[in-house]
2 protein chains.
Amino acid sequence: MAHDLDTGLTSTDPPAGTLARKIANDLRRNILLGVLEPGSAVKERDNAEEMGVSRTPMREAIRILAQEGLIILRPSRSPIIANPSLQETSDDLEVIIALEVLSGELACRNASDADLAALVAINKRLVAAYDQADPLVLFEIDMDFHRAIALAAHNPALARTHAAYLGRLWRTRFLNGRRRRNRQRVILQHGAILDGLLARHPEATGTAIRVHLENLMPKTREFYSLRDDMAAVKQPAALARPVTDRS
Amino acid sequence: MAHDLDTGLTSTDPPAGTLARKIANDLRRNILLGVLEPGSAVKERDNAEEMGVSRTPMREAIRILAQEGLIILRPSRSPIIANPSLQETSDDLEVIIALEVLSGELACRNASDADLAALVAINKRLVAAYDQADPLVLFEIDMDFHRAIALAAHNPALARTHAAYLGRLWRTRFLNGRRRRNRQRVILQHGAILDGLLARHPEATGTAIRVHLENLMPKTREFYSLRDDMAAVKQPAALARPVTDRS
DNA sequence: TTTCGGGATTTGGTATACCAAAACTGTTTG
DNA sequence: CAAACAGTTTTGGTATACCAAATCCCGAAA
């Protein structure tokens with residue numbers, strides 16, 4: 001199960017086990033890992049032939065990824081790998097904060113002992129991997145933690161929506177590069193969230209989640225400005241392009 | 001534009017103007033109005049032939065509606081019109097409350113004068129239609145109001161997600177029957193929301209929205225128990241089925 | 001009468017073929 | 001030399017054909 005990367009399990013939508021599903025998972029992995037360049041076209045004909053499948057399931061796979069926000073569909077033009085701007089990313093962040101705070105509050109009311117045990121176990125994994133594992137592993141544990149919170153709320157719709165946002169944000173964070181600083185802080189903040197949940201204290205839990213996620217906002221900004229700086233090769237600001245690089 | 005009923009405009013996902021889109025809009029209208037019985041099967045072959053189109057766009061339309069939550073896809077079985085249980089509906093309600101409170105708070109910061117003017121105009125329409133219009137018109141104005149709040153937040157992702165939940169909840173409310181009581185209260189509560197927005201006071205706005213939407217919770221419960229009672233023809237409670245009527 | 005089995009049928013999943021619109025290219029023309 | 005143009009190509013949208021799994025139905029056996 002290591003390195004699964006299947007972040008988009010929307011239970012309702014496309015029947016599992018179908019070819020379209022497999023293609024979608026495959027494409028998603030390549031998108032998340034950056035194998036497929038953001039902004040590049042996804043031509044259903046070429047990709048289908050390349051993978052040895054027909055256009056129909058490939059087409060459906062593209063739609064699945066589109067609804068997850070990883071691919072942008074354009075009228076009468078090739079779909080392209082999404083390349084979210086800073087604005088879009090912080091928009092997503094705002095939404096996921098609200099969703100996850102709600103999850104935390106609901107989890108205080110609805111979580112089963114098994115749910116909480118799972119949270120504790122994930123946290124243990126994170127601490128254990130503190131200073132040895134590679135960043136990708138840490139990232140996945142981090143994702144698991146947040147996913148588990150949404151699951152513990154026992155609201156399937158919420159979990160589904162949350163998972164979609166988590167996937168998009170995770171991809172952005174991953175592609176922007178992962179830093180090994182601040183691990184200590186992440187562990188502390190996860191601990192605070194866990195404390196709130198174990199005490200079944202909605203306000204404390206919500207606050208802890210909010211604090212934790214709001215940390216990502218300046219970090220994301222930092223990543224983007226870093227990227228822009230690299231693109232501008234430290235040229236004077238007068239030459240800088242506007243922040244949004246998408247039409 | 002009267003009676004449009006196209007609640008599912010997800011800008012990203014499926015290119016507008018395509019046949020699949022038109023079919024989806026058509027199907028959605030029939031589902032929302034109850035022409036298509038909840039729980040009934042949607043056979044892509046039959047429906048396609050009936051509408052004089054091929055299976056491919058019909059298939060895609062079904063997927064669109066599935067992702068909106070109006071149709072449930074099952075492995076190797078015909079998709080069926082969603083028939084949300086009370087539990088699922090209140091789950092959706094919990095989520096939309098969080099989304100719309102966030103929208104209101106963001107709107108206090110981001111709304112343009114035009115956005116606020118639009119809100120005021122919609123509210124005026126509602127007051128004007130107070131005691132004359134048929135319930136469907138009122139319903140649409142109500143939807144427009146909430147949609148406009150999400151739009152005023154200037155967060156496209158939020159607006160998209162909010163619209164999806166609004167569509168599902170609206171359908172449930174509509175199918176459960178619309179009452180003409182409490183119009184006065186709705187108008188007052190919309191007014192309170194509007195006041196908060198015009199004052200750009202996030203807390204007041206958020207609270208007003210929360211109060212307004214939390215009203216729906218007991219009302220929804222009432223509708224469902226009424227429905228169950230009708231199904232049981234007022235028989236002794238011992239014969240009542242469990243609340244969830246879906247597998 | 002009930003139950004079990006097998007074949008016909010229904011249905012979604014997949015592959016392929018066709019079409020029209022948009023994009024591209026190389027040329028022509030002012 | 002630049003801009004416009006026409007033919008070709010590329011590409012997504014749609015229709016149709018084929019396949020396999022699940023279902024359904026009916027008859028035979030206990």
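Sequence lines set the chain letters: A, B, ... in the order given, protein chains first and strands last, and positions in each chain run from 1. None of the values given here were measured: they were computed from a predicted structure.
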Q: Return yes if the base of C/dG13 and the side-chain atoms of B/Arg59 contain a donor-acceptor N/O pair under 3.5 Å, otherwise no.
A: no
(Q) Does B/Arg74 contact C/dG12 through a side-chain donor or acceptor facing the base, at a distance under 3.5 Å? (A) no
Write down the distance between [atom1] ([X]) and [atom2] ([N]), rounded to a whole number of angstrom.
| X | N | atom1 | atom2 | answer |
| --- | --- | --- | --- | --- |
| A/Glu44 | D/dT10 | CD | P | 16 Å |
| A/Arg45 | C/dA17 | CZ | C1' | 10 Å |
| B/Ile72 | C/dG12 | CD1 | P | 15 Å |
| B/Asn47 | C/dT10 | CG | P | 16 Å |
| A/Glu60 | D/dG12 | CD | P | 16 Å |
| A/Leu19 | D/dA21 | CG | C1' | 16 Å |
| B/Ile23 | D/dT14 | CD1 | P | 8 Å |
| B/Met58 | D/dT16 | CE | C1' | 16 Å |

Q: Check each of A/Asp26, A/Leu27, A/Val53 against A/Asn47 using the side-chain contact (heavy atoms from CB on, under 4.5 Å) test, and report the only one that passes.
A: A/Leu27
Q. Mapping B/Thr56 and A/Lys43 to their closest nucleotides on DNA chain D, which lands nearer the 5' end?
A. A/Lys43
Q: Please determine, for the side chain of A/Thr18, which listed nucleotide (C/dT14, D/dA15, C/dG12) has the closest atom?
A: C/dT14
Q) Testing B/Arg168, B/Arg171, B/Arg160, B/Arg28 for salt bridge (charged side-chain N to carboxylate O under 4.0 Å, His left out) with B/Glu68, which one passes? A) B/Arg28
(Q) Looking only at the side chains, is there a donor atom on one of B/Ser85 and B/Tyr224 sitting less than 3.5 Å from an acceptor on the other? (A) no
Verify the contact: side-chain N or O of [X] to OP1 or OP2 of [N], cut-off strictly under 4.0 Å; return yes or no.
| X | N | answer |
| --- | --- | --- |
| B/Ser78 | C/dT10 | no |
| A/Arg77 | C/dA22 | no |
| B/Ser54 | D/dA15 | yes |
| A/Arg55 | C/dG13 | no |

(Q) With heavy-atom distances below 4.5 Å as the criterion, would you say the side chains of A/His154 and A/Asp115 are in contact? (A) yes
Q. Should B/Arg21 and B/Glu60 count as an ion pair when the cut-off is N to O under 4.0 Å?
A. no
